[in-house]
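This report concerns only the one structure given below.
Order of the sequence lines fixes the chain letters, A, B, ..., with proteins taken first and strands second; residue numbering starts at 1 for each chain.
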Amino acid sequence: MPGMENGEVAAIFSEMADLTHIVGGDEHRIRSFRRAARIIENLPEDLATGIRYGTFEKRAGIGPGTVRRVKQILREGTCDDLRELRRQLPPGLRDLLDVKGIGASTARRLWQHLKIRSIEELERALIRGDVAKLPRMGQKTAEKLMKALQDHKHRIGRIAYVDARRMGARVLAGMEGLPEIQRITLAGSLRRGKATIGDLDVLVASDDPGRVAARFVTLPEVEEVLVRGEGRCSVRLLNRQQCDLRVLPPENWGAGLHYFTGSQLHNIAVRSRGLRVAGLKISDKGIFVRDTEIRVHPGGTEEDIFAAAKLPFIEPELRENTGEIEAGEQGRLPRLLVAGDLKGDLHMHTVASDGKGTAEDMARAAIALGHAYIAITDHTKSLEVANGLDEGRLLAQVRHLREVEDRIGRLRIAAGTEVDILGDGSLDLDEQVLRGLDWVVASVHSHLDMNGEAMTTRLIAAMETGLVDCIGHPTARRLDRRGGAELDWERLFQAARRTGVAMEVNGNPYRMDLPDVACRRAKEMGVHLVVNTDAHAPGHLSRQEYGVITARRGWAEARDIANTKPFEHLAELRRERFRTRGLALGALPSPEPGVVEVVAHEPVADEHWPEEVDDLAAADAPDDDADLAGRLARAEVDDALRERLDDWLRNSGDGPLEDALRTLGENPMMVAFEILSKIS
DNA sequence: GCCGTTTTCGGCCCGACTGTTTTCAGTCG
């Protein structure tokens, strides 16, 4: 089956895992199928290519059995094992596994005893009362399944990282002040920085789990209690997300934090390694000698856990079992990018198009954050809904920006654009104007339903013009609304390297685009990355963290990110590209007489940022506090500032500090909490 | 099915909670 996408092959392995599970096959074999599915899904290159060059079979977790099946699937669209499993089981049966409380064994019994083959048939059987009569089933189980079925119908999928974090901050705030709590944090995929989050995980260190759980299940955000145990509770929150609480003794904090941060596959890999190389059993209770069960260490810190497996500390963002264990053992772990590495921000909007601040507002906010440079990149004319600029208005804006730069000083303000990439890959601005700008981001905002190959070709066409410095939010995904284009990363990044075009890691919290996996591949292929905020208001400039965490999940170091370097470096890259492509650096044409307005348009409804516009608080702060937000953002916190943060958390009443914190995140308390936990 | 710093065969992470049991299977993370 030529043209089969990796995702389709991965789906076959997932189905084999599910069906093997239901027929009661070996659990390790099932895990192998699931692991293969995951590896194939995240493969940066085309599977057929990986097979042809032998790179696929070299991956950990891929053995001869998987290679043989993949070859057959690529040829025939299916494989013998799947055919056989489908012959034995009805296809709808695996859907039952998605209902909470139904595992393989229950699914199998429902089918064998009641001939249930689908979710719909399960519902009918529950209503008839047949399910409660099965062996090892009872009224209570039937009721639970009925509820789980309703939840399944109304389930929410994964939600955007930013929304999950906001909800998590509310939960933490609700737990605050309970004297029994010694430490508290959000763990799970949120701590690992995944772009979308399923369940929330709250971890607490306390000697009195009963009191902690009592507070947790009565939080105003809790809609329903699902599980109520001594050290562990699960609730459904008002936004229908599930939230799990785990309370552990303070001495096991590191063991619990590691265990509860995951990912599950990473945990399995670390624990297996502990057994293999040191004969140590690692659990959330600490570190034990395998044979005697004697505890040799409580696991107070995560470092203790890694040390037991003879590994250095591995950052949470890397814990996906995608090579971090091997990198750790060989001393090849990356020194991940931190927010303080970024020297500037190269994608933002003003009132000239659909932003909420003037160029001067943006500049002053950038100075407050300690930036050395910014690029103003408003939309272009074809994006009418965003009041995009035509050539005339853009030229007027360039002159305006030069004035602002001269007036303010202390900040390089690059005159740029976020030029629209039209359906055929051409750019929405006159070439001469594009050549005269300091920085050109090119992005797609229309015709988003193209298939991946066509979209890849479109982006490459834009890069081939030589006029583009950076491709903005490459997949155009919206975490709260739509998936992105399935781009051919291999082809795209080869073109990026050839044409000298950077790829953006867009930090709009509903984009986080490039996706993490693509970041990693771009880095491996030597493509320049740029971490931007795509700010539509001054307060958004502080939200670099969303781009930073995405880049970190892509194993990015400061040296992989172009805007950790001085602006002159970026300008030189642009000059170099023009030289090699024989393009003249353009002198800008003069604006046509009469085109003078720069900011006159009424800003349109803000599509990108559903929440209210942030205040430009930091810029109005008194002199000593001028760089407060910047210092906090860079985590340059001395003892005096730490005390001030501490004091504010306890007593509030420090306006400038609160304002500065507010520029760094939605919930100033959460920001302060994070800064303190980072430096402690 | 995959894998190897005791192994090419014999392992594969580990524990809490629930319901239906009277010692445990099933599910989940």
Step through it carefully: locate the ring centre of H21(A), locate the ring centre of F33(A), and say whether they are under 6.0 Å apart.
->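 No, too far apart.
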Does a sphere of radius 6.0 Å around CD in E486(A) hold more than 12 heavy atoms from other residues, nucleotides or ligands, not counting ones at 6.0 Å or beyond?
->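 At most 12 heavy atoms, drawn from other residues, nucleotides or ligands, come within 6.0 Å of this atom.
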Do other residues, nucleotides or ligands put more than 12 heavy atoms under 6.0 Å from R236(A) CZ?
->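 Yes.
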Would you indicate what [X] reaches in the nucleic acid, counting non-hydrogen atoms under 4.0 angstrom: base, sugar-phosphate, or nothing?
{"X": "V99(A)", "value": "sugar-phosphate"}
{"X": "E329(A)", "value": "nothing"}
{"X": "A36(A)", "value": "nothing"}
{"X": "G231(A)", "value": "sugar-phosphate"}
{"X": "Q139(A)", "value": "sugar-phosphate"}
{"X": "F260(A)", "value": "nothing"}
{"X": "R273(A)", "value": "nothing"}
{"X": "T66(A)", "value": "sugar-phosphate"}
{"X": "V227(A)", "value": "sugar-phosphate"}
{"X": "A104(A)", "value": "sugar-phosphate"}
{"X": "I102(A)", "value": "sugar-phosphate"}

Enter the distance from [X]:[atom1] to [Y]:[atom2] here, rounded to the nearest 0.5 Å.
{"X": "L280(A)", "Y": "I287(A)", "atom1": "CG", "atom2": "CD1", "answer": "7.0 Å"}
{"X": "Q182(A)", "Y": "D208(A)", "atom1": "CD", "atom2": "CG", "answer": "10.5 Å"}
{"X": "I294(A)", "Y": "F288(A)", "atom1": "CD1", "atom2": "CZ", "answer": "11.0 Å"}

Nearest-Å distance once atom [atom1] is located in both [N] and [M]:
{"N": "dC13(B)", "M": "dT5(B)", "atom1": "P", "result": "16 Å"}
{"N": "dC17(B)", "M": "dT22(B)", "atom1": "P", "result": "23 Å"}
{"N": "dT23(B)", "M": "dG15(B)", "atom1": "P", "result": "24 Å"}
{"N": "dT8(B)", "M": "dC14(B)", "atom1": "P", "result": "22 Å"}
{"N": "dG26(B)", "M": "dT21(B)", "atom1": "C1'", "result": "13 Å"}
{"N": "dA16(B)", "M": "dC9(B)", "atom1": "P", "result": "37 Å"}

Roughly, in whole Å, what's the span from [atom1] in [X] to [atom2] in [N]?
{"X": "R246(A)", "N": "dC17(B)", "atom1": "CZ", "atom2": "C1'", "answer": "11 Å"}
{"X": "R31(A)", "N": "dC14(B)", "atom1": "CZ", "atom2": "P", "answer": "10 Å"}
{"X": "M137(A)", "N": "dG19(B)", "atom1": "CE", "atom2": "P", "answer": "13 Å"}
{"X": "L275(A)", "N": "dC12(B)", "atom1": "CG", "atom2": "C1'", "answer": "10 Å"}
{"X": "Q264(A)", "N": "dC13(B)", "atom1": "CD", "atom2": "P", "answer": "10 Å"}
{"X": "D26(A)", "N": "dG11(B)", "atom1": "CG", "atom2": "C1'", "answer": "11 Å"}
{"X": "L134(A)", "N": "dG26(B)", "atom1": "CG", "atom2": "P", "answer": "13 Å"}
{"X": "E27(A)", "N": "dC28(B)", "atom1": "CD", "atom2": "P", "answer": "15 Å"}

For [N], does OP1 or OP2 lie under 4.0 Å from any side-chain N or O of [X]?
{"X": "T106(A)", "N": "dG26(B)", "answer": "no"}
{"X": "S105(A)", "N": "dG26(B)", "answer": "yes"}
{"X": "R69(A)", "N": "dG1(B)", "answer": "yes"}
{"X": "K144(A)", "N": "dT27(B)", "answer": "no"}
{"X": "T141(A)", "N": "dT20(B)", "answer": "yes"}
{"X": "K100(A)", "N": "dG29(B)", "answer": "yes"}
{"X": "R276(A)", "N": "dT5(B)", "answer": "yes"}
{"X": "R271(A)", "N": "dC13(B)", "answer": "no"}

Can you tell me if E8(A) uses its side chain to pair, donor with acceptor, with the backbone of M4(A) under 3.5 Å?
->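 Flag not set: sc E8(A) to bb M4(A) has no pair under 3.5 Å.
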Whom does dG4(B) pair with, Watson-Crick or G-U wobble, provided both distances fall under 3.5 Å?
->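 Because both required distances fall under 3.5 Å, dG4(B) counts as paired with dC9(B).
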Shortest side-chain distance from [X], nucleotide among [options]:
{"X": "S283(A)", "options": "dT5(B), dC17(B), dC14(B)", "value": "dC14(B)"}
{"X": "R136(A)", "options": "dG29(B), dC12(B), dC24(B)", "value": "dC24(B)"}
{"X": "K140(A)", "options": "dT20(B), dA16(B), dG29(B)", "value": "dT20(B)"}

Is dT5(B) syn or is it anti, if syn means the base angle is within 90 degrees of 0?
->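 Glycosidic conformation of dT5(B): anti.
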First encountered from the 5' end of DNA chain B, between I30(A) and A107(A) |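 This one resolves to I30(A).
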Would you mind telling me which residue lines up with the more 5' stretch of DNA chain B, G101(A) or K281(A), judged by nearest nucleotide?
->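 Counting from the 5' end, the first nearest nucleotide belongs to K281(A).
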Side chain to side chain contact (heavy atoms under 4.5 Å, CB included) with T322(A): which of R319(A), E326(A), E324(A)?
->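 One option only clears the test, and that one is E324(A).
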Using a strict 4.0 Å threshold on nitrogen-to-oxygen distance, state whether R520(A) and E524(A) make a salt bridge.
->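 Salt bridge: yes.
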Is a donor-acceptor contact shorter than 3.5 angstrom present between the side chain of Y259(A) and the base of dG29(B)?
->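 Result: at least one qualifying N/O pair found.
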